[in-house]
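In this text, all values refer to a predicted model and were calculated from it rather than measured experimentally.
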Amino acid sequence: MTVAGKMRQFQVVGRKAPSEEHPNPEAYRMIVFATNPVIAKSKFWYYMHQFHKMKKTTGEILDCVEIFEKNSRIVNNYAIWLRYSSNSGTHNMYREFRDVTLTGAVSQLYDEMAGRHRTRPRSIQIIRTGIVGAGSLKRANPMQYAKNAKFPLVHRVASGKRGQKALSDRTFSTVRPTTFFK
């Protein structure tokens, strides 16, 4: 699996294929992050084979639906618990990201794990996700934005004042540009 663009969140429901012995087997629901429904179903069968004695040839997918966020206009702090494999073994990790959606935070996670830890997307397993309050943050990077962060607009040059020509009208000027505005 390659990360091509933004990750999406899918709910996949599957079960063991019905037989005469078990006409109505138990259904399992799983939330999976993937780039498309085909990869989501593949991940579902990967995890089902690990947890239960089921695989694609002995089971069936009942439903595969993409889950969308209700409100994607508010920035949240997302906590992600994950497991990944490296050359030295399997490691558990806790990461925090700031984003407007959970899928955006997971996309940041995949990008950061590839950059910092050289981890392939197929070796990352997301165990749990959650929204963390500003007071419960543990990592320094999201913590610096938890307080009232202000981003000053420094060294702005007026491209043109009202009622005058633009500053780009002249190549040379006898006065320095004013870069401080209230």
Side-chain angles (χ1 to χ4, degrees), residues 1-17 25-146 149:
M1 183 193 89
T2 59
V3 179
K6 196 171 183 182
M7 297 297 278
R8 293 155 55 188
Q9 189 176 13
F10 292 95
Q11 173 184 301
V12 185
V13 180
R15 66 179 184 175
K16 205 167 208 170
E26 188 178 0
Y28 297 95
R29 179 177 67 97
M30 193 176 294
I31 304 293
V32 179
F33 292 96
T35 53
N36 58 42
V38 175
I39 295 173
K41 291 174 189 174
S42 176
K43 277 188 165 187
F44 173 79
W45 288 122
Y46 173 78
Y47 292 124
M48 288 308 290
H49 185 69
Q50 284 185 343
F51 300 140
H52 305 284
K53 233 178 185 177
M54 281 175 44
K55 52 186 183 176
K56 188 177 178 180
T57 57
T58 61
E60 63 182 358
I61 298 281
L62 300 176
D63 193 22
C64 182
V65 180
E66 186 174 356
I67 299 173
F68 297 99
E69 298 255 349
K70 290 179 183 175
N71 186 4
S72 62
R73 294 175 297 177
I74 299 171
V75 178
N76 287 317
N77 301 313
Y78 291 99
I80 302 174
W81 289 263
L82 67 130
R83 176 183 299 128
Y84 75 98
S85 300
S86 70
N87 292 336
S88 60
T90 304
H91 310 282
N92 293 323
M93 191 178 277
Y94 169 79
R95 309 293 305 199
E96 292 174 345
F97 298 97
R98 281 179 62 84
D99 209 301
V100 291
T101 60
L102 178 59
T103 54
V106 171
S107 296
Q108 284 184 45
L109 168 82
Y110 274 90
D111 291 342
E112 187 169 314
M113 291 301 290
R116 288 182 193 257
H117 302 282
R118 305 277 183 173
T119 307
R120 305 288 181 266
R122 65 179 171 268
S123 67
I124 297 173
Q125 299 175 7
I126 296 176
I127 299 168
R128 190 168 60 134
T129 60
I131 296 177
V132 181
S136 303
L137 289 171
K138 298 177 185 176
R139 303 291 186 253
N141 193 32
M143 214 180 287
Q144 67 184 342
Y145 298 107

- [ ] For residues T57 and W45, determine if any side-chain heavy atom of one lies less than 4.5 Å from a side-chain heavy atom of the other.
- [x] no

Open item on the list: For a quick test of reading the model, state the closest non-hydrogen atom pair linking I61 to V12 and the distance between them.
Closed with: CD1-CG1, 3.7 Å

TODO: Flag the pair N77 / E96 as yes when at least one side-chain heavy-atom distance between them is below 4.5 Å, and no otherwise.
DONE: no

- [ ] For E26 and H52, run side-chain contact (heavy atoms from CB on, under 4.5 Å): C-alpha distance rounded to whole Å, both residues' side-chain angles, the deciding distance at 0.1 Å, then the answer.
- [x] CA-CA 11 Å; E26 188 178 0; H52 305 284; over 6 Å; no

TODO: Give the intermediate values and the outcome of side-chain contact (heavy atoms from CB on, under 4.5 Å) for residues Y94 and I127.
DONE: CA-CA 10 Å; Y94 169 79; I127 299 168; over 6 Å; no

Open item on the list: Counting C-beta onward and ignoring hydrogens, is there a side-chain heavy-atom pair between N76 and R98 closer than 4.5 Å?
Closed with: no

Open item on the list: Using the rule given for side-chain contact (heavy atoms from CB on, under 4.5 Å), can you reason through E60 versus R15, listing the C-alpha separation, both sets of side-chain angles and the distance that settles it, and then say yes or no?
Closed with: CA-CA 6 Å; E60 63 182 358; R15 66 179 184 175; 2.7 Å; yes

Open item on the list: Just by distance, no angles: are the side chains of H117 and S86 close enough, under 3.5 Å, to form a donor-acceptor pair?
Closed with: no

Task: Closest non-hydrogen atom pair between T103 and M7, with its separation - done: CB-O, 3.2 Å

Open item on the list: As an exercise, state the distance from NE2 of H91 to OG of S123, rounded to the nearest 0.5 Å.
Closed with: 10.0 Å

- [ ] Could you pull out the closest heavy-atom pair between L137 and P142, with the gap in Å?
- [x] CD1-O, 3.7 Å

Task: Side chain T58, main chain M54, donor-acceptor under 3.5 Å - done: no

Open item on the list: Minimum heavy-atom separation for G130 and W81, please, with both atom names.
Closed with: N-CZ3, 4.2 Å

TODO: Mind running side-chain contact (heavy atoms from CB on, under 4.5 Å) on L82 and M113 for me, showing each step along the way?
DONE: CA-CA 11 Å; L82 67 130; M113 291 301 290; 4.0 Å; yes

Task: Non-hydrogen atoms of Y78 and D99 that approach each other most closely - done: CE1-O, 3.4 Å

TODO: Taking Q11 for its side chain and I67 for its backbone only, find out whether a donor-acceptor pair lies under 3.5 Å.
DONE: no

TODO: Indicate yes or no for a side-chain donor-acceptor contact from R8 to the backbone of A40 under 3.5 Å, with no hydrogens or angles considered.
DONE: no

Task: CZ-CD1 distance between F10 and I39, expressed to the nearest 0.5 angstrom - done: 9.0 Å

Task: Where F97 and I80 come nearest, the two heavy atoms and their spacing - done: CD1-CD1, 4.0 Å

Task: Main-chain N/O of F33 paired with K43 side-chain donor or acceptor, under 3.5 Å - done: yes

TODO: Flag the pair V75 / V100 as yes when at least one side-chain heavy-atom distance between them is below 4.5 Å, and no otherwise.
DONE: yes

TODO: Report the distance from atom OG1 of T101 to atom CG of N71, rounding to the nearest 0.5 Å.
DONE: 11.0 Å

